[in-house]
Amino acid sequence: MTHSELTPSDSPLENLAQLESALSETLFDSFDSGYYIGMMSGTSLDGMDAVICQFYDSDSDKIIATHSKPFPEHLRDTLLALCQPNGFTTLAHPVKNIILEQQPQSELEWFGWASCEYAEFASAVVNELLEKSGISADEILAIGCHGQTVRHRPNLGFSLQLVDPNIIAERTGISVVTDFRRRDMAVGGQGAPLAPAFHLAQFATDADKDQIIVNLGGIANITVLPSAQADKVTGYDTGPANLLLDAWYQSQHPDADSLYDEEGKWAQSGSVNPALLSQLMAHPYFTQATPKSTGREEFNLGWLVEQIEQLDADTQQAINADAASVQATLTQLTAQTLCDAIESEAKQLNLTAGDIIICGGGAYNPNLLTQIANLLPEWHVTTSQQFGIAPTWVEAMAFAWLARQTIIGETGNLPAVTGATKPVILGQVCFA
C-alpha cells in the first residue's frame with residue numbers, strides 16, 4: 001500500500017491507522033531484505049569478527065563483506081579477568097597499556113569501563129568494515145552485536161554480556177540490537193545456544209540427509225538437524241574447545257607470537273595422558289541433562305591446573321616433563337565429549353549418518369578434525385565452507401540474522417534447544 005492508495009476517512013484515528021499500516025509495510029519490506037551487520041567475539045577472546053549480510057532465502061543469503069580485528073592487549077586482558085571467577089584480584093593491579101586518570105576500584109567499575117571500551121572498539125571495527133566494503137552507514141538497517149559474555153549463570157537466572165550499544169549507535173549512526181539472551185531466560189530458557197535457529201534456517205536444505213552443525217569456538221556446541229523430523233531440532237554446549245586449548249598453550253608459550261596452537265601441531269607432538277583425560281572427563285557437566293550451556297565459569301585455566309594437581313606425583317612429574325601431553329589430552333577431551341554427545345543424539349533420534357558441518361576457529365585445526373572423523377567414521381566430516389560460508393564467519397552471520405529477526409518482529413530462539421517455554425523475539429534495540 002502506498003500513500004496514494006490510502007482511503008480518506010472522516011475519522012482522524014482511522015486515517016492515522018492506515019498511514020501507520022502503509023509505513024509499516026514499506027519499512028518491513030526493506031528490513032527483510034536489506035543489509036545487516038553481525039558482530040561476534042566469543043569465549044576464545046582472540047578478537048572481533050564482523051560481517052555485512054543480506055537475507056532473502058536460503059539460496060540467496062550472502063555475506064557481502066567481512067572484517068576481523070584482534071583486541072588491543074589492554075582490553076583483552078581486562079575481558080579475560082572479568083570472565084574469570086574472582087577476576088578482580090587480577091584487575092586490582094594496573095593492567096598493561098591502560099592509562100586512566102582514575103583506576104576503577106571494584107569489579108563493577110571495571111565492568112562499566114570495559115563496556116564502554118568494548119563499544120568503542122566495536123564501533124571502530126564497524127567503521128573499518130564499512131570503509132572496506134564501500135557501503136555507507138545509511139544502507140545498514142541494524143547491527144547485531146552480541147557483546148562479550150563475562151558471566152553466564154542460567155542456574156541463577158542471568159547472563160551478562162558486556163557492551164554499551166549507545167556508544168556504537170552514536171559512533172556509527174546505525175541502530176544496534178543487543179541483549180539477545182535474557183528474553184529467552186525470562187521464559188525459562190538457558191539463553192544459549194542461540195545459533196541453532198540460524199543453523200536451521202541456513203543449513204537445513206537437504207531433506208534426505210541428517211545433519212549436525214558443530215561450532216568449535218571457545219566452547220564446543222552442536223545443532224542436530226534431523227532430515228525428516230523438523231520438530232526434533234536440538235542443540236547444546238558439549239564442553240570446552242579452544243578455550244582450554246588456547247589457555248594452556250599461552251601459559252606454556254608466554255612469548256610466542258601466536259595466541260594458539262596453529263593447526264594443532266604442538267598437540268600432535270605430545271601423547272594423550274589417560275589419567276588426566278579420565279580426571280577431566282569426570283566433570284559433572286558432561287553427564288548433565290539437556291538443555292544445558294557452559295563457559296569460562298566452569299572451564300578455565302585455573303580449573304585445569306587444579307585437575308592436574310589432583311593427580312598422583314608420578315603423573316604430575318610426567319606432565320611437567322612434557323607439557324605437550326596436556327595439549328594432546330585437551331584435544332582428545334574436546335573430540336571425545338563432542339562425539340559422545342553426537343552419538344547419544346544419533347541413537348536417541350535414530351539418525352542416519354550424514355554431514356557433520358564444522359564451523360568456528362576449530363575448523364582450522366586439522367588435528368582436532370582428524371580425531372573427530374576417527375571417532376565418527378560413518379559420518380562425513382566437512383566444514384561450513386562447503387556450504388558457502390567460511391567457518392570464521394558463521395557466528396557473526398548468525399547475529400546479523402538474529403538482529404534481522406528482532407527488527408522484523410520474528411522469534412529467534414528454539415525452545416527445544418534452550419529449554420524456554422515458548423518462542424520469543426530476542427534482543428533490545430538502541431536506535432541511531
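Numbers here are sequence positions counted from 1. No hydrogens, no waters, no symmetry mates; every other heavy atom, side chains included, goes into these values.
Side-chain contact annotation: Gln307 with His283, donor-acceptor N/O pair under 3.5 Å absent. Side chains of Thr337 and Tyr285: no donor on one and acceptor on the other come within 3.5 Å. One side chain, Glu345 or Tyr236, offers a donor N or O that lies under 3.5 Å from an acceptor on the other. A donor-acceptor contact closer than 3.5 angstrom links the side chains of Thr382 and Gln386.
Checked by atom type and distance alone, the side chain of Gln371 never pairs as donor or acceptor with a backbone atom of Ala335 at under 3.5 Å. Of the possible donor and acceptor atoms, one in the side chain of Thr406 sits under 3.5 Å from a partner among the backbone N and O of Leu426.
Between atom CZ of residue Phe121 and atom CZ of residue Phe71 there is a gap of 5.5 Å, rounded to the nearest 0.5 Å.
The list of side-chain hydrogen bond (donor to acceptor under 3.5 Å, both in side chains) pairs with a residue in residues 327-336, not counting sequence neighbours, reads Gln332-Gln336, Gln336-Asp340.
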Contacts table for residues 242-249: side-chain donor-acceptor under 3.5 angstrom, sequence neighbours left out:
residue : atom : partner : partner atom : Å
Asn242  : ND2  : Leu216  : O            : 3.1
Asn242  : ND2  : Gly217  : O            : 3.2
Trp248  : NE1  : Ala323  : O            : 3.0

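Residue-environment remark: CD (Glu109) exceeds the threshold of 12 foreign heavy atoms within 6.0 Å.
For the pair Glu298 and Lys292, the salt-bridge criterion is not met [side-chain N within less than 4.0 Å of a carboxylate O].
Between Phe198 and Phe55, the ring-plane angle classifies as perpendicular under the 30° and 60° cut-offs.
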